[in-house]
Amino acid sequence: MKRILIIDDEKSLVRFIQLELEHEHYFVKAAYDGNSGLQAALSEDWDLILLDIMLPKINGVEVCRKLRELKNTPVIMLTARDGLEDRVSGLDSGADDYIAKPFDIEELLARMRAIFRRMDLKQGQDHTILTFKDMTVDLDARIATRKGKVIELTKREFDLLAVFMKHPNLVQTRDMLLDMVWGFDSQVETNVVDVYVRYLRNKIDTPGEESFIQTIRGMGYVMRS
């Protein structure tokens, strides 16, 4: 299920878009100002962000610029300002596309699908070898090694390690890890994440050295370089 973040202060429009996207089987979350939107964009993984330019606290252009310093999440600008200067400003800040209000929901869905196709194509060309310090994970062969030595992992342990390896320095909440490793509709309790992180640490860490996977109290876990 694709995860969509909407950052827009027009609550009626946000609700309309949210209902339409949920009908298309997207997971949708909303933020109504630049500060909370940027925080949500950075603290979670999203497949796409729909971002208004005219926002309280921090405008959309600045949100996009700050986002691009840390993440490459695709962004579609949504705005009533359709002048050439506004379009150029939005795209130069790092947005992937631009759509002017009012817009037809079918056009928005088509633009979203176009971005997802481009992302899928790019991901298909990406190398499947992930590295972090002296650890290597081969996603295709499903082999993890540290200092050249193979680490024997269960399927869940491997999938959990792959999530951390794909997103170094990004804090993963227990709910996020449940969604990505066990599945969005899983009935597993969040404390199972703690158990599997402990299993994983026992297998990948070197005694006496700091753990590769650090606990962020009150939030979750992070693999920090």
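Keep in mind that the numbers below use all heavy atoms, side chains included, and drop hydrogens, waters and symmetry copies.
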Salt-bridge present ([X], [Y]; N to O < 4.0 Å):
X      : Y      : answer
Arg111 : Glu107 : yes
Glu69  : Lys66  : no
Arg198 : Asp205 : no
Asp52  : Lys11  : no
Lys155 : Asp159 : yes
Asp134 : Arg146 : yes
Glu157 : Lys203 : yes
Asp194 : Arg174 : yes

Is there a side-chain contact between [X] and [Y], using heavy atoms and a 4.5 Å cut-off?
X      : Y      : value
Leu50  : Ile7   : no
Ile129 : Val137 : no
Ile76  : Ile49  : no
Glu10  : Tyr32  : no
Ile143 : Thr145 : yes
Met180 : Asp45  : yes
Met135 : Leu130 : no
Lys101 : Asp8   : yes

Does a sphere of radius 6.0 Å around [atom1] in [X] hold more than 12 heavy atoms from other residues, nucleotides or ligands, not counting ones at 6.0 Å or beyond?
X      : atom1 : result
Lys133 : NZ    : yes
Lys2   : NZ    : yes
Gln39  : CD    : no

Within this structure, what is the [atom1]-[atom2] distance for the pair [X] and [Y], rounded to the nearest 0.5 Å?
X      : Y      : atom1 : atom2 : value
Thr79  : Phe103 : OG1   : CZ    : 10.5 Å
Glu44  : Leu5   : CD    : CG    : 8.0 Å
Met176 : Tyr221 : CE    : OH    : 14.0 Å
Glu106 : Glu20  : CD    : CD    : 8.0 Å
Arg113 : Leu108 : CZ    : CG    : 9.5 Å

Okay, side chain of [X], backbone of [Y]: is any donor-acceptor separation there less than 3.5 Å?
X      : Y      : answer
Trp182 : Val192 : no
Asp96  : Val75  : yes
Arg224 : Gln214 : no
Ser211 : Ile213 : yes
Arg68  : Lys71  : yes

request  = Examine the side chains of Arg3 and Thr73 and answer whether a donor and an acceptor come within less than 3.5 Å of each other.
outcome  =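 Note: Arg3 and Thr73 side chains miss the donor-acceptor criterion.
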
query = Parallel, tilted or perpendicular: which fits the ring planes of Phe132 and Phe212, with parallel below 30° and perpendicular above 60°?
reply =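 Rings of Phe132 and Phe212: perpendicular, over 60°.
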
Quick check: closest heavy atoms across [X] and [Y], and the distance to 0.1 Å?
X      : Y      : result
Ile53  : Tyr98  : CD1-CE1, 4.0 Å
Cys64  : Ala95  : SG-N, 3.5 Å
Ala144 : Leu161 : CB-CD2, 3.9 Å
Leu67  : Ala41  : CD1-CB, 3.9 Å
Leu51  : Gly60  : CD2-O, 3.3 Å

inquiry  = Quick one, Met77 with Asp97, criterion side chain to side chain contact (heavy atoms under 4.5 Å, CB included). Give me CA distance, side-chain angles, the key distance, then yes/no.
reply    = CA-CA 6 Å; Met77 288 286 195; Asp97 202 353; over 6 Å; no

